Amino acid sequence: MTTAPLLAAEDEESDAVILRMAYERTAIPNPLVMLRDGQEAVDYLMGIGGYSDRAAHPLPRLLLLDLKMPRMSGFDVLDWLAGRPEFKNIPVVILSSSPDLSDVRRAKQAGAEDYFVKPHQLRELVEILQTVQTRWLSDVRPEPS
Amino acid sequence: VVNEARRFGTLYLQVDLGPMYARLWRYVWTAALVFAGALGAAFLIGFRLQRAISSPVLSLAETARVVSRDRNYNVRASPASVTELGALTVAFNQMLDTIQQQQALLQSELAERTRAQEAEAREKQLLAITLASIGDAVVVTDPAGRVTSLNPEAERLTGWSITEATGRLLPEVFQIINEDTRATVENPVEKVLRLGTVVGLANHTLLIRKDGSEVPIDDSAAPIRQPGGPLFGVVLVFRDSSVQKKAELALRESEARERARASETEAIMEAVPAIIWIARDPDCRRIDGNRASYEFLRLSPSANVSLSAADPGDRPAHFDVRIGGRVLRPDELPVQRAARGERVTNLEEEVYFHDGSSRWLLGNATPLRNANGDIYGAVAAFVDISERKQVEGDLRRARDELVRVNSSLDKTVQERTARLEEMVAELQHVSYAIAHDMRAPLRAMGTFAELLQEEISALGAAASAQEYCRRMKVAAGRLDRLINDALNYSKAVLQQPDLDRVNLAVLIRGLIETYPNLHADSADIAIEDHLPPVVGNESLLTQCFSNLLGNAVKFVPPGARPNIRIRVAQPAVGFTRVVIEDNGIGIPEHAMPRLFGMFQKLDNRYEGTGIGLAIVRKVVERMGGKVGVQSEPGKGSRFWVELKLAEDS
């Protein structure tokens, strides 16, 4: 049986590579599915296009969104999700290069559970993923800090 | 039967009387018939006698009675046939005729006399009234010079009443002296009596009144006589010359004043710089002006300037008068309007000369009224406002130009503002793009350099290769921070921050917890006072205090543990001062002026962009606050930030 994956939307190719490398340094059991923008994430969730096979593309355990992406940004996906109660059990974590307080606040208001600024070192990114795992991927979920 | 007075008894005799009475009645009847016959005969004889003798006498007597009773001389006695009586009657009638003629003569004479008397009475009355009502004093004397009458004015002037004066000699009542010499003047009546002609009085004569007061008088005296007849008396006429003198004097003065006023008016008209016109007839057939007006109208003095002159040939033809560009009719002109009773004020008119030039006048016109209040003309005064008009026109044009320039300037400003706003938005967009797009490759460079370092280290590469990787990582990190700071600075400059109530205590504690370099395991940071809520922007305040605290922990001597105290002071009402005191290396005096400028790095031994304090200053200013520092090298620094207190703190 396939485990529910981590669904990550990241348009920047090097960031995607780094994210996967960091992911591989963690012990997260859920597979990591990389998508290139928000639109693909929405398509995946809706089972549209190449994602119609739910067996091959099961609903994710968690959404990891960049904010600035072409087609649909992280904010657009959050707004879209607000009108979709069927996905309310899927937590959304933002991993953005913006340290802006206004972006943080806006993302939280739009429904993001957590917000991390992209670090400069792989080690730090690994730590972030481990935090995400602890907070959102454990069977017993602790209350978010 | 009586015997010796003694009554014996009574004897009765009885006789039949009838035949006696019958005979008696016969005798009575006979006597009555005889008497009646005798009476009738006597009447007849008497009637005949009366007709012949007593009738003419009675007629004469009756006529005489009527004449004497009625004064009627027209009646005549009837002629009688008896000769003697006839003669008497004729004589009587002749007498009556004479009496009648005489009486008619008397009556006509009487009527004539009555008429003459009435006329004389009327004349006397008229004379009396004349004398009483005459303004002059009149005294009449008899030929001896004794006062016989004086009129009320004479009573008033002399102070003598008619009853007091009558019978006195004139000099007593009418005492006169020379005004200058005070010598007694010969009494005019004496002079008339002496000369027998009319005499006048010398000037400057004073009359001494009964109460001793003096009155200047003029007088004359004339004899009263019938032509060629003897002198009946003298009439003296005089008057109070003081009233006359005063009146004369007053008249002379008023005339002089009038002349002075007229010449003053003329002088004023000539002296004032105003243009004056005057019309002395309600139709303004002629209008005169002062010299200024003739010069203004380019006319020779004494010309008729009226545009409503009776003869069109007299009207000036080289100009017309306009208001608002419309040529005025003669009856619309100000002097003409005023001459109809209107008060014309603040009238602005254009005098357009037919040579094409134009002058502007401003003025008033007023009706001229005589003593009865009837309008007999009008006067107008105007000033030449052509220069002012010119200036006004220039001003108006300048104003219009200014308005035009202003509006185009407004437009320019609006356009430029819009363009600037567009540029700012563009710049913000670019900044945002830089933040993301430029930093992502940097991140990649840093991260891959790190990975490379790990791998070559595992492969046992040369130490220098590992050092290159480390330098790449550090350079990428520095560039990233530089971009981040530059971005924050541009945001602080470009964005208009929303100011809210910010809980400073929560914000600073949150910073200390969030930033790893501020954690308790790497630095001692003590908040020693209560941090009050302030008016500010959370994002900007976060930048401000993260930079200040970051500097405080960073710039410490090598190996030293940062020790930072946060305190609060109250610099002024409505403000709070947050002081951040560190144990750092301090700032040299020479660096102070440039400390809060852009790209000011003091010590290359410390990692930094040189933008942090510039951002602090900028964001604090954007929130209406101030920033400053006290420091000495080797003794630490005390950076302070002044912020507006929130109202409810």
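Every chain is numbered from 1, with letters handed out A, B, ... down the list of sequences. What you see is a predicted model, and the numbers here were worked out from it, not measured in a lab.
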Residue A/Val17 versus chain B: region with a heavy atom under 4.5 Å: side chain
Chain A heavy atoms under 4.5 Å from B/Thr542: which part of the residue, side chain, backbone, both or neither? side chain
Comparing A/Glu12, A/Arg123, A/Lys68 against chain B, the one with the most heavy-atom pairs below 4.5 Å turns out to be A/Lys68
Which atoms of B/Leu487 are under 4.5 Å from chain A, going by heavy atoms: the side chain, the backbone, both sets, or neither? neither
Applying the side-chain contact (heavy atoms from CB on, under 4.5 Å) criterion to A/Ile94, which one of A/Asp114, A/Leu67, A/Asp103 satisfies it? A/Leu67
Contacting region of B/Glu454 [heavy-atom separation from chain A under 4.5 Å]: side chain
Is any side-chain heavy atom of A/Phe87 closer than 4.5 Å to a side-chain heavy atom of A/Leu45? yes
Stepwise side-chain contact (heavy atoms from CB on, under 4.5 Å) check, B/Leu504 with B/Phe545: CA-CA 10 Å; B/Leu504 216 51; B/Phe545 285 106; 3.9 Å; yes
Does any part of the side chain of B/Leu451, heavy atoms only, come nearer than 4.5 Å to the side chain of A/Leu122, both counted from C-beta? yes
Ignoring hydrogens and angles, tell me if any N or O in the side chain of A/His57 forms a donor-acceptor pair with the backbone of A/Gly50 under 3.5 Å. yes
Under 4.5 Å from any heavy atom of chain B - which part of A/Gln121: both
